[in-house]
Amino acid sequence: MRVVTWNVNSLHARLGRVREWLEANGPDVMLLQETKLRDEAFPSEVFTALGYESAHAGQGQWNGVAVLSRVGLTGVTRGLSDGEARLVGATCGGLRVYSCYVPNGRALDDPHYAYKLRWLDELRGLLAGRDGALPVVVAGDFNVAPADRDVWDPAALEGMTHVSHPERAALEGIVATGLVDVVRALHPDEPCFTWWDYRGGAFHRGWGMRIDLVYVDAALAPRVRAAYVDRDARKGVKPSDHAPVVVDLDP
DNA sequence: ATGTCCCAACTTTTGGGA
């Protein structure tokens, strides 16, 4: 079973790339972030034609998350207490999956940073309270690089968001509910960046960060066969600034 | 590090967000 997360930075702008990617890679479950669509504008018929059921939590201009599945899709839940469209959960193929778009934070002294930490703590609480009936997969754009090896130059980012101790501690709290950062577990020595700024030729200079993460239930860890970033999807015409992260599980 | 992209709208250019 193949589970993928991808921040598409507008599903309207990216629909052609997403459709191509689905056809070429055949994920069973696809978690999308930053659809930037109202629910009425979500192109579910495009995904239906490709064999996917879908659930979308949209709000329009900003945010928006979705789950696509060709292995069943039930039990949809949307959002946290903030009312923004940053979380959607569903049961697909015997897994409880969540597509997450964590607030950016903007800067350490910005109110949005405190909101980001509150949001991560609320997600931790939700995961800590899970009943364990189904193994969970929590994936998406966390807007946090878990460790220094997850950024191209830690010195250049000092004092900025995405790398601060409280943000990293918040991720550790989520892991402590019984999850595994599966890409890092399988590739301890590679950067595995998932995002490169559009500006400044960042992609070609290697100025990236690993901020799109797939956390799987510790109970699922023995079933993980592969976990990798599809860096090629960051290339070409009108790419997202994020690359998809792919995880293959034994059935 | 900032040479871009995407969206909305008091829309054909600007400002906000990432």
Side-chain angles (χ1 to χ4, degrees), chain A residues 5-21 31-43 46 56-66 79 82-87 99-120 123 139-146 148-164 167-168 170-171 191 193-213 229-245:
Chain A
T5 183
W6 195 6
N7 179 325
V8 296
N9 184 18
S10 166
L11 187 55
H12 177 253
R14 219 67 60 207
L15 188 56
R17 292 286 302 244
V18 171
R19 186 199 282 118
E20 279 174 28
W21 200 93
L31 307 175
L32 302 174
Q33 299 88 39
E34 281 206 90
T35 61
K36 299 186 179 179
L37 295 173
R38 292 170 294 108
D39 285 328
E40 306 80 55
F42 184 77
V46 171
H56 181 240
Q59 88 182 59
Q61 182 177 2
W62 290 305
N63 311 319
V65 287
D82 58 315
E84 297 205 352
R86 297 181 176 276
L87 185 72
S99 177
C100 308
Y101 178 49
V102 175
N104 176 286
R106 299 178 189 168
L108 302 191
D109 60 355
D110 191 300
H112 203 263
Y113 176 80
Y115 163 51
K116 177 183 198 174
L117 295 179
R118 286 197 306 274
W119 199 94
L120 283 165
L123 178 63
D141 178 359
F142 281 79
N143 272 315
V144 182
D148 278 354
R149 66 184 181 283
D150 298 311
V151 304
W152 83 101
D153 182 357
L157 293 167
E158 210 164 312
M160 301 181 78
T161 184
H162 292 54
V163 298
S164 72
E167 290 167 274
R168 287 175 169 174
L171 287 191
F193 295 155
T194 66
W195 171 85
W196 299 261
D197 202 306
Y198 284 122
R199 297 168 292 184
F203 181 67
H204 295 285
R205 292 174 191 249
W207 294 345
M209 303 178 72
R210 190 175 74 94
I211 56 175
D212 298 87
L213 308 172
V229 179
D230 181 14
R231 194 175 172 282
D232 286 346
R234 179 62 177 78
K235 304 175 181 174
V237 179
K238 278 187 49 125
S240 171
D241 46 354
H242 296 253
V245 184

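This is a predicted model, so every value here is computed, not measured. Reminder, nothing fancy here: chain letters follow the sequence lines and each chain counts from 1.
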Notebook entry, point to check: Where do A/N7 and A/E34 land on the side chain to side chain donor-acceptor pair (under 3.5 Å) test, with the steps shown first?
Noted result: CA-CA 6 Å; A/N7 179 325; A/E34 281 206 90; 3.1 Å; yes
Margin query: The test is side chain to side chain donor-acceptor pair (under 3.5 Å); show your working for A/E84 and A/N63 and say whether it passes.
Written below: CA-CA 7 Å; A/E84 297 205 352; A/N63 311 319; 3.2 Å; yes
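The distance from atom CH2 of A/W196 to atom C1' of B/dA18 is 16 Å, rounded to the nearest whole Å. Put simply, OH on A/Y115 is 14 Å from C1' on B/dA18, counting in whole angstrom units. Going from atom CD of A/Q59 over to atom P of B/dC7 covers 15 Å, rounded to whole Å. When rounded to the nearest whole Å, the span between CG of A/L37 and C1' of B/dC7 equals 11 Å. B/dC6 atom C1' lies 13 Å from atom CG of A/N63, rounded to whole Å. Put simply, CG on A/D241 is 12 Å from P on B/dA18, counting in whole angstrom units. Following rounding to the nearest Å, A/R17 (CZ) and B/dC6 (P) show an atom-to-atom distance of 11 Å. The nearest whole Å value for the distance from the CD atom in A/E34 to the P atom in B/dC7 is 11 Å.
Of the candidate nucleotides B/dG3, B/dC5, B/dA1, B/dG3 has the atom nearest to the side chain of A/R205.
The closest donor-acceptor contact from the side chain of A/T5 to the backbone of A/V245 lies at 3.5 Å or more, if one exists at all. Between the side chain of A/R19 and the main chain of A/V46, no donor-acceptor pair closer than 3.5 Å is present. A/D241 contributes no side-chain N or O that, together with a main-chain N or O of A/D197, makes up a donor-acceptor pair within less than 3.5 Å. Listed for the A/K116 side chain is a donor-acceptor partner under 3.5 Å among the backbone atoms of A/N143.
Place A/L157 and A/G60 on DNA chain B by their nearest nucleotides, and A/L157 ends up nearer the 5' end. The residue among A/M160 and A/S10 whose nearest nucleotide of DNA chain B is located toward the 5' end is A/M160.
With respect to A/R86 and A/D141, no salt bridge is recorded, no charged nitrogen being found less than 4.0 Å from a carboxylate O.
Spacing of C1' atoms, B/dG15 relative to B/dC10, comes out at 13 Å, to the nearest Å. Atom P of B/dT2 sits at a distance of 22 Å from the matching atom of B/dC6, rounded to the whole Å. Separation of the P atoms belonging to B/dA1 and B/dC7 is 29 Å when rounded to the nearest angstrom.
The stretch residues 197-204 of chain A touches DNA chain B through A/D197, A/Y198, A/R199, A/G200, each having a heavy atom within less than 4.0 Å of the strand.
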Where do N or O atoms of nucleotides 11-17 of chain B meet protein N or O atoms at under 3.5 Å, pair by pair?
none

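A/H12 has no side-chain polar atom (N or O) that falls below the 4.0 Å cut-off from OP1 or OP2 of B/dC6.
Aromatic ring pairs are classed by plane angle as parallel below 30°, tilted from 30° to 60° and perpendicular above 60°; the pair A/F42 and A/H56 is parallel.
With sequence neighbours excluded, no residue satisfies side chain to side chain donor-acceptor pair (under 3.5 Å) with A/R17.
A cation-pi arrangement is absent between A/R14 and A/W21, since the terminal nitrogen or guanidinium carbon is not both under 6.0 Å from the aromatic centre and inside a 45° cone about the axis.
When heavy atoms are screened at a 4.0 angstrom cut-off, A/W152 is found touching base atoms of the nucleic acid.
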